[in-house]
There are 2 protein chains.
Amino acid sequence: MFTSLLDHIQKFITLDFEEIDILESKLSLSKIKKKEHLLKEGQVCNTMYFITNGCARQYIINPRGTEQTLQFAIENWWITDYLSYHNNTPSHFYIQTVENCEIIALEKNTLESILIQIPKLERYFRIVSQKSFGATQMRIKFLFTMSAEERYNHFKNQQPDFVQRVPQYMLASYLDFSAEFMSKIRAGKV
Amino acid sequence: MFTSLLDHIQKFITLDFEEIDILESKLSLSKIKKKEHLLKEGQVCNTMYFITNGCARQYIINPRGTEQTLQFAIENWWITDYLSYHNNTPSHFYIQTVENCEIIALEKNTLESILIQIPKLERYFRIVSQKSFGATQMRIKFLFTMSAEERYNHFKNQQPDFVQRVPQYMLASYLDFSAEFMSKIRAGKV
DNA sequence: TGAATTTCTTGAAGCAGTTCAAGTTTTTTA
DNA sequence: TAAAAAACTTGAACTGCTTCAAGAAATTCA
């Protein structure tokens, strides 16, 4: 039932049977329909979400009223607002499913009690978040150095399947250009 | 000698005397002159750097040959390339001191041996990196939604002292606009 | 201190990408 | 399966910021 998360954890640390039991007893899997919100701007985020199936995104609504996606999460990714989570401050972000999803929602209280029983999981979450941080630095590099068309082609080469999975306007905003410009890039009119 | 790091750690976890001794026995403080490199593009990054005094930055050289700063680190910040660090891949980044610095350089091997003796430090590094990740998400939000002038004013309001500490052209590139445009913003010619 | 280097400033020309508006296509839902 | 909603396309007008070039000011260092 939680094999995808257990497998992911065991890429980084080794769990024994007892620990797996503890973990399984505390986790729960939810089915969430497409376009539902896991977090809205202004709420304090006290939950981490692990996607076992489907796709979610973190987005904002910009001053012009347009949604801009800051992050996507697919199978085997965690998504949350860590700043709101750690500081107990209202979030600046929305988190929303993009497809029907199966998600493990892990509340702060639950996670803390798990971490007391299985301290080794601290290591798992450390490594996962350090790697995410590293990936985000690369993302900023691409945003800084590539043209819109280069960013699109680069992304398409790196994640060819994913490009099909989300509406173009969401991907356009993730790559920091307009939906209209995305159309022109794809049509070769640039 | 390592009080700034020890204090920082103890904001998140509690260390006993024995653990502090172990830690102190494994750490070393280096003085690094302004403009020296801690990491160059192409090298595998196997060290994390904690700034106890001074300022460093992570930057790239863009296709036009101009340096672009992706990240600054001042007192009580860690700086490294986590992607290169974890994957043992050549780094895409330079890390360089911006001022004369006092730095705790923590090599991967050393850190791993410390973490075996003091597993609770996993928690410290987890929380620190999750908070950094959260801060980077906010940074991307600002890059996406604010004009160049707004980004400058926002940064100046948040970090008034820091603006004085680094050359304007470095800050301009960190805020993702040109050094020339920074001049015009500051002169009110925009 | 004086020379060399680094950093900052200014204006002119240009362009990558936005905004707007309207229409078309595709997908979802009742 | 028809109607509604969501997503995509297109062109025209515009603009925020870049690039270039050259000089001025500030800082560093021998």
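Values in this document were obtained by computation on a predicted structure and should not be read as measured data. Labels below follow one simple rule: chain letters A, B, ... track the order of the sequence lines, proteins then strands, and each chain is numbered from 1.
Not one N or O on the side chain of T97(B) forms a donor-acceptor pair closer than 3.5 Å with the backbone of N100(B). Side chain of K35(A) to backbone of Q96(A): no donor-acceptor contact under 3.5 angstrom is found.
Ring geometry for Y124(B) versus H8(B): interplanar angle over 60°, hence perpendicular rather than tilted (30 to 60°). Taking the six-membered ring where tryptophan is involved, the planes of F162(B) and F72(B) are perpendicular, since the angle between them exceeds 60° and thus also 30°.
One interatomic measurement links the two molecules: CD of E67(A) to P of dA6(D), which rounds to 11 Å at whole-angstrom precision. For the pair Q68(B) CD and dT18(D) P, the interatomic distance rounds to 10 Å; values are reported in whole Å.
First and last contacting nucleotides of DNA chain C toward chain A (any atom under 4.0 angstrom from a heavy atom, 5' to 3' order): dG17(C) to dT28(C).
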Give the table of side-chain donor-acceptor pairs shorter than 3.5 Å for residues 182-190 of chain B, with sequence neighbours excluded, one pair per line with atom names and distance.
from	atom 1	to	atom 2	distance (Å)
R186(B)	NE	Q168(B)	OE1	3.1
R186(B)	NH1	Y152(B)	OH	3.4

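Taking Ile, Leu, Val, Met, Phe, Trp and Tyr as members and joining any whose side-chain heavy atoms lie under 4.5 Å apart, directly or through other members, the hydrophobic cluster of I61(A) also contains Y59(A), Y94(A).
Hydrophobic clustering (ILVMFWY, side-chain heavy atoms < 4.5 Å, transitive): L23(B) and I103(B) are in distinct clusters.
Residues passing the salt bridge (Lys or Arg N to Asp or Glu O under 4.0 Å) test with R126(B) are E112(A), E122(A), sequence neighbours excluded.
Within residues 148-172 of chain B, the residues that place at least one heavy atom under 4.0 Å from DNA chain D are, in residue-number order, A148(B).
Taking the six-membered ring for Trp and the full ring otherwise, W77(A) and Y49(A) have centroids separated by 6.0 Å or more.
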Q | Per-nucleotide protein contact string for nucleotides 19-30 of chain D (B base, S sugar-phosphate only, - none; heavy atom under 4.0 Å) | A | BB-------S--
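Relative to the six-membered ring of Y174(A), R139(A) meets both conditions, a distance below 6.0 Å and an angle of at most 45° to the axis.
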